[in-house]
Protein chains: 2
Amino acid sequence: MRVGVFQFEPKFGAVRENLDRIAAAIRPPVDLVVLPELCTSGYQFTNHYELEELAEEIPSGPSTVRLTEIAGKTDCTIVAGLPEQDGDRFYNSAVVVNGDGVLGTYRKIHLFYEEKDFFTPGNSPLEVFDIGAAKIGVLICFDWIFPEATRNLALQGAEIISLPSNLLMPYCQDAMVTRAIENQVYTVVANRIGFEARGGKKPMYFTGNSQIADCKGNVLYKGSGNKQEFHVEKVHPTLAHNKWITERNNIFEDRRPEFYESISLTLNHPNELVNDDISN
Amino acid sequence: MRVGVFQFEPKFGAVRENLDRIAAAIRPPVDLVVLPELCTSGYQFTNHYELEELAEEIPSGPSTVRLTEIAGKTDCTIVAGLPEQDGDRFYNSAVVVNGDGVLGTYRKIHLFYEEKDFFTPGNSPLEVFDIGAAKIGVLICFDWIFPEATRNLALQGAEIISLPSNLLMPYCQDAMVTRAIENQVYTVVANRIGFEARGGKKPMYFTGNSQIADCKGNVLYKGSGNKQEFHVEKVHPTLAHNKWITERNNIFEDRRPEFYESISLTLNHPNELVNDDISN
């Protein structure tokens, strides 16, 4: 199958223009296209009114409808980050759509920085979506730093982890290589470029370098740091079924879950609650 | 505090000679010295008789006694991999010793490749050892690929993860940078060099590149791939108490353990049990 990523600079608030650029960028043949986080709306909300304006219901909102139309015309499945409204709650979500409609929605469970002022953390179980050509897991941006998130999806049979992103820090791409190796899955990072400095807020520089890594951690594609790019790679999702990394080591069968119990417990930690600068 | 690693080529079966080289290499001032996996014995056992010859009880065995003596003379704590015998069981273990004796032992829980023919997998809970200058966790080599192992130790308050290793594959060092970042702990890999091709077995080339990474994932030291090296870095273990990576994100408090439950369950996986070559 063919996996594509489209990295671009969404223009804040220009939903129709951003969707037009997505529609113009996707060139078949491609089976799965991963787009950045909040790619219909832009990232840096300065007040709740902006969020109410730009967030949409799923599946009825105009962005999801348009993405479904684009997916239909290009005969692919799209994973796209967008702000979701559900009643009086707002989520940093990603929809999985094909030409027939919405296959699933993921609501980001680990919120980054000021996202906490705007969004409710996701509260639905992590799910694997069968898109026909592959079984995919969806996480969003900062979820990368929690190995448990990718692990959960891989244990459920995800063959490809797609990660719509608006990354500021440079660590994620290398970490997603480690995630690929430790789970023997493909990882696909679609990261936006450009910057936002809205309403007197600290400028945010987004770092591009979208990336596709195979199950063995080989980087098949790494995008530039600052250019709009649509890129497609051939991948073989069934390779992710093979968890043997030596003829004696199957990384799932070799797991010792009895040693991992503390990981699902809420613990008290002796950490000093020292604030640190975001630049770290 | 000062953390040192000594990477060298242990000579198979030459326990006294290997310990002499360790004694000659460690130069104070240093507070913690991490040595490779099975560094007293060598790695590639060809039959059980060799293992019975070279494995020792802890703390009474001569290697542990000698390591204690070396630690005393150099005023440091040593983490050293060695084959342990306990009754009729054999473990791929690491001892933590200072001049007063044994502070703790770790028995490798994830065995690699033909280690499974010789050793019993460790069955004691993962433990953090207080060596005075720092709280350290000990894992061994292949444990690196299971993020749960480092996570468990970090959640228990480990400030430094020490990883005695005999690595064949090239992924571990980059992964230990990810482990450092995702847990905000120091990671110290002591990896042997050289090769072994004993009794008609497939040659094993060990890859060196011992590494010290700080809590932010900066690589403070990376050794050569093929030279004996003793190297010391200054580190600040209390920095590992700070789990804030932005002023709004504490990577421990931001965890969502309710989403991680599957990680400590023994699951049935739909994986095809396809053998793969060790060279992968």
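In what follows, chains are A, B, ... by sequence order, proteins preceding strands, each numbered from 1. Predicted, not measured: the structure shown is a model, and the values here were computed from it.
Side-chain atoms of B:R256 come within 3.5 Å of backbone atoms of A:G122 as a donor-acceptor pair (strictly under, hydrogens ignored). B:R151 places no side-chain N or O within 3.5 Å of a backbone atom of A:S262 that could act as its donor or acceptor partner. No donor-acceptor pair under 3.5 Å is formed between the side chain of B:N152 and the backbone N or O of A:E261.
The shortest distance between side-chain heavy atoms of B:F146 and A:Y260 falls below 4.5 Å. A heavy-atom distance below 4.5 Å is not found between the side chains of B:W144 and A:E182. Side-chain contact check for B:R248 versus A:F112: every heavy-atom pair is 4.5 Å or farther apart. Between B:F142 and A:I245 the shortest side-chain heavy-atom distance falls below 4.5 Å.
The parts of A:P147 that come within reach of chain B are both its backbone and its side chain, each placing non-hydrogen atoms under 4.5 angstrom from that chain. If you measure heavy-atom distances from A:D254 to chain B, the contacts under 4.5 Å come from both the backbone and the side chain. Looking at A:S264, the atoms closer than 4.5 Å to chain B (heavy atoms on both sides) sit in the backbone and in the side chain alike. In this structure, the portions of A:E114 lying under 4.5 Å from any heavy atom of chain B include both its backbone and its side chain. Residue contact with chain B, scored on non-hydrogen atoms closer than 4.5 Å, involves the backbone of A:S124 exclusively. With a 4.5 Å cut-off on non-hydrogen atoms, A:N183 does not touch chain B at all. Interface remark: A:N218 contributes no atoms to any contact with chain B (heavy atom separation under 4.5 Å).
Heavy atoms from other residues, nucleotides or ligands lying under 6.0 Å from CZ of B:F118 number more than 12.
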*Any chance you could lay out the side-chain contact (heavy atoms from CB on, under 4.5 Å) test for B:K116 and A:N249, step after step, and finish with the verdict?*
CA-CA 10 Å; B:K116 295 182 179 192; A:N249 292 100; 3.7 Å; yes
